[in-house]
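Residue numbers run from 1 in the order of the sequence given. Note that the structure is a prediction, hence the values are computed from the model and not measured.
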Amino acid sequence: MSVTHPTAFRDTVADLVDSTLSTTAKLKFRLAGNANAPGTAVATLSMANPAFGASSSGVITAGAISPDTNATGNASPVAAATLETGGGTVVVHCAVAASASDINMTGGLTIGAGDTVSCSSLTYEAMP
C-alpha cells in the first residue's frame, strides 16, 4: 500500500509552499544539485505576487512568470530547478529534462549567456 493524504491536508501543504515563497518568488534553472545544495543557477525568472493561486486537490497553478531576458548561461545542460523566496531560500527543488520530468524544457537544455528563458505554465502538486 502506498502512503496517501487527505485532500484537505494536500491543499494545506500546497498553500504553505505558496505562502512560504512570499511576494518575490523566483524560479531558477540550475545545472545540478539538491534542495540543500541547489547548484549553479543559469537563469532566474520572477514569479507573480502571489506566485500561485489557491490549492485545488493539492495542486497550485502559477500566475504570470516573467522571463529572464539575459540569462547567465553555461555550457552544461540544465538538470534542475528551484522555487525560492526572493531572499534565496529554496522551498522546492525538482528535475528538469526535455520530456517526462518535473519541468519539461523545450528548445534544448543548454542555456547560453544572454539567452531569454521563459516559462509558459507551471503547477505544483503536493504529495498524494
Fill in: Separation between OG of Ser66 and CG of Leu27, rounded to the nearest 0.5 Å
11.0 Å
Worksheet item: CD/Glu84 to OG1/Thr24 distance, rounded to the nearest 0.5 angstrom?
Response: 10.5 Å
Fill in: Nearest heavy-atom neighbours spanning Ile103 and Ala81
CD1-CB, 3.7 Å
Discussion item. Are Phe9 and Val59 linked, directly or through intermediate hydrophobic residues, by side-chain heavy-atom contacts shorter than 4.5 Å (ILVMFWY only)?
Written reply: no
Discussion item. A side-chain contact here means heavy atoms from C-beta on lying under 4.5 Å apart; do Thr61 and Tyr124 qualify?
Written reply: no
Worksheet item: Which pair of non-hydrogen atoms, one from Pro128 and one from His5, has the smallest distance, and what is that distance?
Response: O-ND1, 2.7 Å
Practice prompt. Please lay out, stage by stage, how Thr44 and Phe29 fare under the test side-chain contact (heavy atoms from CB on, under 4.5 Å).
Written response: CA-CA 7 Å; Thr44 301; Phe29 289 95; over 6 Å; no
Worksheet item: Hey, what do you get for OG (Ser121) to CD1 (Ile65), rounding to the nearest 0.5 Å?
Response: 8.0 Å
Worksheet item: Are Val92 and Leu16 co-members of a hydrophobic cluster defined by side-chain heavy atoms under 4.5 Å apart?
Response: no
Worksheet item: Would you call Ile111 and Val78 a side-chain contact if the rule is heavy atoms closer than 4.5 Å?
Response: yes
Fill in: Evaluation steps, side-chain contact (heavy atoms from CB on, under 4.5 Å), between Leu45 and Val117
CA-CA 8 Å; Leu45 289 67; Val117 178; 4.1 Å; yes
Worksheet item: Do the non-hydrogen side-chain atoms of Met105 and Val96 ever get within less than 4.5 Å of each other?
Response: yes
Response to the item:
Interatomic distance, CE@Met47 vs NZ@Lys26, rounded to 0.5 Å, equals 10.5 Å
Item to complete: Please name the pair of heavy atoms, one in Cys119 and one in Leu122, separated by the smallest distance, quoted to 0.1 Å.
Response: SG-CB, 4.1 Å
Worksheet item: Looking at Pro67 and Thr116, what are the two nearest heavy atoms and their distance?
Response: CB-CG2, 4.1 Å
Discussion item. Would you say that Leu83 contacts Phe52 through its side chain, given a criterion of any heavy-atom pair below 4.5 Å between the two side chains?
Written reply: yes
Worksheet item: Which pair of non-hydrogen atoms, one from Pro38 and one from Val90, has the smallest distance, and what is that distance?
Response: CG-CG2, 3.9 Å
Practice prompt. Can you measure from OG (Ser22) to CG (Asn49) and round to the nearest 0.5 angstrom?
Written response: 7.5 Å
Practice prompt. Please report the closest heavy-atom contact between Ala14 and Ala126, naming both atoms and the distance.
Written response: N-CB, 4.1 Å
Discussion item. What I'd like to find out is whether the side chain of Asn74 reaches to under 4.5 Å of the side chain of Leu31, using heavy atoms alone.
Written reply: yes
Worksheet item: Do Thr82 and Arg30 come close enough that some side-chain heavy atom pair is under 4.5 Å?
Response: yes
Worksheet item: Are side-chain N/O atoms of Arg10 and Ser57 paired as donor and acceptor at under 3.5 Å?
Response: no
Worksheet item: Short question: side chain of Thr72, backbone of Ala43 - any donor-acceptor pair under 3.5 Å?
Response: no
Discussion item. I'd like to know if the side chain of Asp15 and the backbone of Thr12 have a donor-acceptor N/O pair within less than 3.5 Å.
Written reply: no
